[in-house]
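What follows is a set of notes on a single structure, which appears directly below.
Just so it is clear: chains get the letters A, B, ... in the order the sequence lines come, proteins before strands, and each one is counted from 1.
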Amino acid sequence: MAKAKGNIIIDIEKCKGCEICMDACPEDVIAMSKEVNNKGYLYAVKIEDSCTGCTNCALVCPDAVITVYREVKKKKEQVAKITNVTGNITVTVDK
Amino acid sequence: MSVESLEKIDTKVFERPTTLIDTEMHYCPGCGHGVAHRLIAEVIDELGIVEDTIGVAPVGCSVFAYNYIGVDFSQAAHGRASAVATGIKRVLPEKYVFSYQGDGDLAAIGTGETIHTCNRGENVLIIFINNGIYGMTGGQMAPTTLPSMKSTTSPFGRDTKSMGFPLKITELVAQLPGTYYVTRQSVHKPLNVRRAKKAIQKGFEYQKLNKGTCFIEIVSNCNSGWKMSPVESNKWMDEHMLAYYPLGDIKLPNDTEA
Amino acid sequence: MIKLMKGNEALAEAAIRVGADAYFGYPITPQSEVLEYLAREAEQKTGMVVLQAESEVAAINMVYGAAGTGKKVWTSSSSPGVSLMQEGISYIASAELPCLIVNVQRGGPGLGTIQPAQSDYFQSVKGGGHGDYRMIVLAPATVQEMSDFVKLSFELAFKYRNPVMMLTDGALGQMMEKVEFFEQQERETLDLDWTTVGKPPTRSHNFITSLHIKPDKMEEVNIHLQKKYKLIEENEIRYEEIMCEDADYIITAFGLVARICTKAAELAREKGIKVGVFRPISLFPFPYEQIKSHTGKIKGILDVEMNAGQMIEDVKLSVEGKVPVEFHGRMGGIVPTPDEILEALEKYIAGGKL
Ligand SMILES: Cc1ncc(C[n+]2csc(CCOP(=O)(O)OP(=O)(O)O)c2C)c(N)n1
Ligand code: SF4
Ligand SMILES: [Mg+2]
């Protein structure tokens, strides 16, 4: 099965650069910045697109600076079942 | 054939809990206090009990817990948090009351209050952050400091002959009929964070049953006091602290009822 | 309702009647009757929480927690136990929590004796705990006042958000006297904006703390407290003057001792010495001006206490050296007799000291 797709947003100004998220990430998505933030810490940055949205980094973050997004596979709701159609028909569904 | 489609990566699966006040915490980088605070806030949010919860902050690094967890809070004298929690709970028995205490606070200066609060079976939740050291005052020996572990007041390592042994107060309170749920958790790895959160949730929920004290130890790091990097300190904790303080439930509600 | 009662029991009954919400205490002679009486009576009568704590340290911190919810909370103890409470009292004063603490004093220092004394005047009035704080200190002289001052104490405690101490002694606690109680009051929940009772959506969270890391903030808090204490000094001075109008000599004494001194003053008057008694009722705030107002009319003051001389320092401050102040005291749990007080007074007069 293909891996899930995810994304993280890091509040870099609140980050204290403890590196625990980096250690916790199974996909090596996170690295430390080269520059410091306003507080003087090297902060966590996302360097890879391989995030799966597993939330591991956010779970261990002591400063709650990471928000995690995940691609959610949703079954599209079936609105109509059309059988035995030979010609062209258009079905529109109001959102 | 069912039609599947992928939505964009825009479903938030993790964010700061609202009850965790949007401010910078004063803790050292990587300190477990921050995770523990967040878990408490998450549980309070998820249970929808912000209006009904009163916290008690100790003297120790977490003295400012009231600046971070957005529920009504009382700061307590060193060691007396569980007595303060008792006072609050006795006059407001319908509310959720928890104390948040370090090892020095709970297991040294406040041992008497801890034992007797548990022995009376006060319907409060005690959250005990065991980092094996006095963080706030700069890394002195705690009752929970491991044998041979160095601190500023055991510079050659804790010599159990003269300094006594690390106190497993959690096992001790589990012996008391007044405690309802006693567990030891940690917050240094994702899996442990998940478990700790479940424990905290139970600790709050059980208060409604009026069956006794819930006591949750969280073995934590103090990278400043231990003089290690945050990542190193978590590894050290894993190898040494958890060997002495094994994780897991020590007393489950069924044990009491049986 | 008039009853014949021990001082300690009157105290407990008054607390039930005033609608107190909680009492936390630890047994110590000579005031254990308080907890015993409450354990028997309080729960059924009003539902007051009565809890025997594991120590006075725990008790005062339970008071701190419960007082933070805006409930009427109190504790009582005797000297060694009150010593243990000092850290908590300092926190309570700093966090501005209303509560009542009763000290049924016994002789010290140390474990001392279970007999009555007044040797905790300094501790109660001048500090005891750390930091610049004040308690309102009331000294009853009768069992009646032991009851009345419970009500007064809670009124003052809530009016000023300040701990109130009732400073009494083992003799008053143990002696039986007639007491007329006020009517039973309902327990009520006051609508206060600073309490930790659970945060409604309409306000941000409250917290009770005495921690102010930044020096300027800590000084600001201190200035606020000092302003409050000044206000208390302006408004809450209480005292009693007995036969002072025509007096040549005044005896200053507080609590039960003032009653013994009144007897001594009567004996003196029988001998033709015009003696009055000035009884400070509020020890903080102290009636400095009221004592001073007598200095033009009297020859001297005899201060009598059951200690080595504590309140005398405030009496001396009051008179600003304008009249001589001498001292007669008994220590270790001995209660002075009217005769010995009169004898002491006569000796000072004969010796030209007064
Ligand atoms: C009566 C009293 N004694 C000592 C102190 C100093 N003190 C403050 S925090 C602390 C130790 C805190 O250690 P712990 O409870 O383990 O908390 P941590 O900082 O490690 O989280 C001490 C001794 C104090 N504030 N009050
Ligand atoms: S001193 Fe230790 S316990 Fe305190 S904030 Fe720093 S790491 Fe945490
Ligand atoms: Mg500690």
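- Ion pair B:R16/A:D11 not flagged as a salt bridge, since none of the NZ, NE, NH1 or NH2 atoms sits closer than 4.0 Å to an Asp/Glu carboxylate oxygen.
- With a 4.5 angstrom heavy-atom cutoff, B:H188 touches chain A only via backbone atoms.
- For the residue pair A:C18 and B:P29, the shortest heavy atom distance occurs at CB-C, 3.6 Å.
- Side-chain atoms of A:M22 and B:V231, non-hydrogen and from C-beta on, never get closer than 4.5 Å to each other.
- Of the possible polar contacts, one joining the A:K16 side chain to the B:Y27 backbone as a donor-acceptor pair under 3.5 Å is found.
- Looking at A:D23, only its side chain comes within 4.5 Å of chain B, counting heavy atoms on both sides.
- When the candidates A:G17, A:G6, A:C57, A:G53 are compared by the number of heavy-atom contacts under 4.5 Å with chain B, A:G6 comes out ahead.
- Residue contact with chain A, scored on non-hydrogen atoms closer than 4.5 Å, involves the backbone of B:T23 exclusively.
- Across all non-hydrogen atoms, the minimal contact from B:P190 to A:A24 is CG-CB, 4.3 Å.
- Options A:E13, A:K39, A:E19 differ in how many heavy-atom pairs under 4.5 Å they form with chain B, and the most are formed by A:K39.
- Side-chain atoms of B:R38 come within 3.5 Å of backbone N or O of A:L59 as a donor-acceptor pair.
- Heavy atoms closer than 4.5 Å to chain B are found in the side chain of A:K14, but not in its backbone.
- Proximity to chain B is limited to the backbone of A:C54, based on heavy atoms less than 4.5 angstrom apart.
- Of all non-hydrogen atoms in B:V35 and A:P62, the two that sit nearest each other are CG2-CA, 3.6 Å.
- Just one residue in the list A:T67, A:V68, A:I8 forms a side-chain contact (heavy atoms from CB on, under 4.5 Å) with B:F14, and that residue is A:V68.
- Proximity to chain A is limited to the side chain of B:V193, based on heavy atoms less than 4.5 angstrom apart.
- Only the backbone of A:I66 comes within less than 4.5 Å of a heavy atom of chain B; no side-chain atom from C-beta onward does.
- In this structure, the side chains of B:R194 and A:T55 come closer than 4.5 Å at one or more pairs of heavy atoms.
- Here B:E15 contributes atom CD and A:I9 contributes atom CD1; the two are 12.0 Å apart, rounded to the nearest 0.5 Å.
- Taking a 6.0 Å sphere around NZ of A:K46, one finds it holds more than 12 heavy atoms contributed by other residues, nucleotides or ligands.
- When heavy atoms are compared at a cutoff of 4.5 Å, B:K12 approaches chain A by way of both its backbone and its side chain.
- When each of B:L20, B:L39, B:D22 is checked for heavy-atom pairs under 4.5 Å with chain A, B:D22 comes out on top.
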Verdict with reasoning, A:I20 to B:N234, per side chain to side chain contact (heavy atoms under 4.5 Å, CB included): CA-CA 9 Å; A:I20 292 179; B:N234 278 353; 3.4 Å; yes
